[in-house]
Amino acid sequence: MSSLSYAAPTSVDDAVKLLAGASGVAKVLSGGTDLLVQLRSGRLKPELIVDTKKIPGIIGIREENGGFVIGAATPGAVVEAHPGLNAAWPGLVEALDLIGSTQVQGRCSLAGNLCNASPAADSVPALFAAGATAVVVGSKGKREVPVEQIPTGPGRTSLAKDEFIVEFRLPPRPARSGDAYLRFIPRTEMDIAVVGCGISVTLDANGVCTAARVALGAVSPTVILVPAAADVLIGHKLDADTLAKLDAAAQAAAKPISDKRGTVEYRTKIAGVLARRTAAIAFDRANGIKNGKAH
Amino acid sequence: MAKTYVSATINGESSEFLCETQQTLLDVLRDVVGLTGSKEGCASGDCGACSVIMDGRLVCSCLVLGVEAEGKTITTIEGIAQGDHLHPIQQKFLEHAALQCGFCTPGLIVATKALLDENPNPTETEARYWLAGNLCRCTGYDKVIRAVMDVAAEMRGETVG
Ligand SMILES: Cc1cc2nc3c(=O)[nH]c(=O)nc-3n(C[C@H](O)[C@H](O)[C@H](O)COP(=O)(O)OP(=O)(O)OC[C@H]3O[C@@H](n4cnc5c(N)ncnc54)[C@H](O)[C@@H]3O)c2cc1C
Ligand code: FES
Ligand code: FES
């Protein structure tokens with residue numbers, strides 16, 4: 001049996017030193033709901049696990065400069081119980097809440113979902129749509145990175161060996177803004193997305209879209225931002241013509257693979273349908289129309 | 001390799017153990033501490049047979065490292081009964097025949113305890129979603145849900161006919 005060490009540093013500096021000093025593979029641990037499964041299957045053979053959860057601030061939510069800051073390892077259950085986040089970013093909260101069971105929600109984090117870098121990760125399209133940034137720390141200091149620059153391929157990220165995410169920053173929310181995330185799965189609970197879509201919009205007083213971000217999951221090697229789909233929304237109300245263009249733009253951006261969950265043709269079509277449905281919820285929310293949960 | 005010394009509160013008692021990093025909390029509970037009530041159905045977070053309450057949160061003990069238990073308060077199925085008296089949840093599972101082989105039962109009872117601690121008055125839909133991470137091959141879930149709704153009412157002091 002290979003030897004595996006564990007450390008639970010109580011400061012960012014100590015964590016970075018441990019990561020930088022490891023001779024073999026070192027893995028950061030948040031909720032462990034991906035990492036422990038990979039350890040058990042033997043897919044991953046690290047020599048060191050650095051548990052971040054004792055670092056002050058890495059679990060928790062605070063408001064700063066008119067926006068929210070979410071600690072990297074904050075469990076889904078904590079995010080879901082936060083009234084301010086539910087009011088400002090219901091789509092992001094629902095996306096994270098879709099992950100796994102009650103048991104998984106007690107542990108799963110945004111950082112783990114993003115850095116596990118699955119193309120089907122549920123919270124990631126919502127994070128991309130929100131325009132969130134990740135605060136990354138490492139030996140060279142601190143940098144703030146748009147979340148869409150973190151995943152680079154299935155299971156791969158742009159983070160250096162000695163880097164990890166300490167928190168996510170969500171921008172201040174202008175009036176008449178709304179977000180939504182929908183995933184398509186063949187059952188109602190506990191499944192992996194065939195396609196996921198996150199959309200965030202801001203409208204003017206007449207209901208015309210002034211800003212939009214659209215992201216798709218499970219149709220590409222990573223979650224993708226789709227600027228062409230955002231462009232068809234900006235300057236328009238969500239009428240039939242806009243919806244048709246949005247559908248077409250989402251389909252054009254989708255470059256899925258065929259697997260047991262769906263064929264290329266099926267996933268491409270669903271990407272368009274899901275984009276329309278997600279946009280409808282995001283626009284409703286921006287217009288002050290309250291929806292129930294999107295799932 | 002060197003083992004890590006861990007001290008935690010398990011079922012109200014302080015507990016100390018040595019464990020290797022790759023041992024899960026479930027491994028430690030079963031093989032080191034000797035609490036074999038928590039079951040391993042899948043070891044991948046899918047079945048819930050290993051459910052425990054850690055610092056007030058329901059988790060799969062197969063997805064927690066033993067070393068992460070340092071300083072934590074943990075409730076396992078062995079900590080649910082009050083001495084020789086079954087907890088009302090256990091009693092209602094028996095009355096409603098909410099188990100057959102019983103392999104899923106420790107996890108379901110711990111998960112039900114966590115549900116009622118947080119929400120004493122769940123709707124049936126809320127109870128079903130809460131328990132969606134606890135798989136049962138035998139009962140078809142309906143008897144489980146009847147037991148959960150009945151015990152919730154009883155614990156609220158309501159009697160159901
Ligand atoms: C039963 C079950 C159901 C699931 N269902 C879903 C689902 O429906 N949708 C979905 O998207 N996912 C699902 N997952 C996968 C998993 O729960 C999520 O990806 C979760 O968000 C991972 O978060 P974590 O904190 O547990 O990550 P961990 O397991 O702790 O970490 C995951 C990866 O991210 C890295 N990492 C962790 N924290 C940081 C950090 N701060 N900085 C840099 N890297 C970091 C780790 O090194 C590791 O490579 C499921 C898992 C299980 C077991
Ligand atoms: S053994 Fe832990 S969830 Fe199945
Ligand atoms: S009673 Fe047999 S698995 Fe549930």
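Quick note on labels: first sequence line is chain A, next is B, and so on, each numbered from 1.
Using a 4.5 Å cut-off between heavy atoms, B:Asp55 makes no contact with chain A at all. B:Ala111 touches chain A through its side chain: at least one heavy atom from C-beta onward sits under 4.5 Å away, while N, CA, C and O do not. With a threshold of 4.5 angstrom between heavy atoms, B:Val52 does not approach chain A through any atom at all. For a residue to count as touching a neighbouring chain, one of its non-hydrogen atoms must lie under 4.5 Å from one of that chain's; by this rule A:Leu29 touches chain B with the side chain only.
Between the CG atom in A:Leu48 and the OG1 atom in B:Thr21 there is a gap of 8.5 Å [rounded to 0.5 Å]. In this structure, the separation between CG on B:Leu65 and CG on A:Leu36 is 4.5 Å, given to the nearest 0.5 Å. To the nearest 0.5 Å, atom CG of residue A:Asp51 and atom CD of residue B:Glu70 are 11.5 Å apart. To the nearest 0.5 Å, atoms CG (B:Leu58) and OG (A:Ser101) are separated by 7.5 Å.
Two residues are said to be in side-chain contact when any heavy atoms from C-beta on lie closer than 4.5 Å; B:Gln22 and A:Leu39 fail this criterion. Counting only heavy atoms from C-beta outward, the side chains of B:Arg57 and A:Gln105 never approach each other to under 4.5 Å.
More than 12 heavy atoms of other shown residues, nucleotides or ligands fall within 6.0 angstrom of atom CZ in A:Arg62. Applying the 6.0 Å contact sphere to CD of B:Gln82 captures more than 12 heavy atoms from other residues, nucleotides or ligands. Within 6.0 Å of atom CZ in A:Arg277, 12 or fewer heavy atoms from other residues, nucleotides or ligands are found, so the atom counts as exposed in its surroundings.
With sequence neighbours excluded, the residues satisfying side chain to side chain contact (heavy atoms under 4.5 Å, CB included) with B:Cys62 are B:Leu26, B:Cys50, B:Cys60. Partners of A:Ala88 by side chain to side chain contact (heavy atoms under 4.5 Å, CB included), not counting sequence neighbours, listed by chain and number: A:Phe68.
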- Query: Checking side-chain contact (heavy atoms from CB on, under 4.5 Å) for the pair B:Glu20/A:Leu4: CA distance, chi angles, key distance, verdict?
  - Reply: CA-CA 8 Å; B:Glu20 290 172 8; A:Leu4 173 62; over 6 Å; no

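Of all heavy-atom pairs between B:Gly48 and A:Gln103, the closest is CA-NE2, 4.2 Å. Taking each heavy atom of B:Tyr129 and A:Thr102 in turn, the nearest pair found is O-OG1, 4.1 Å.
Close approach to chain A, defined as a heavy atom under 4.5 Å from one of its heavy atoms, is seen in no residue of residues 91-105 of chain B. Contacts between residues 69-78 of chain A and chain B, defined by a heavy-atom separation under 4.5 Å, are made by A:Ala77, A:Val78.
Judged purely by atom type and a 3.5 angstrom limit, B:Ser44 has no side-chain atom pairing as donor or acceptor with the backbone of A:Val37.
Put simply, of A:Lys54, A:Arg40, A:Arg107, the one with the most heavy-atom pairs under 4.5 Å next to chain B is A:Arg107.
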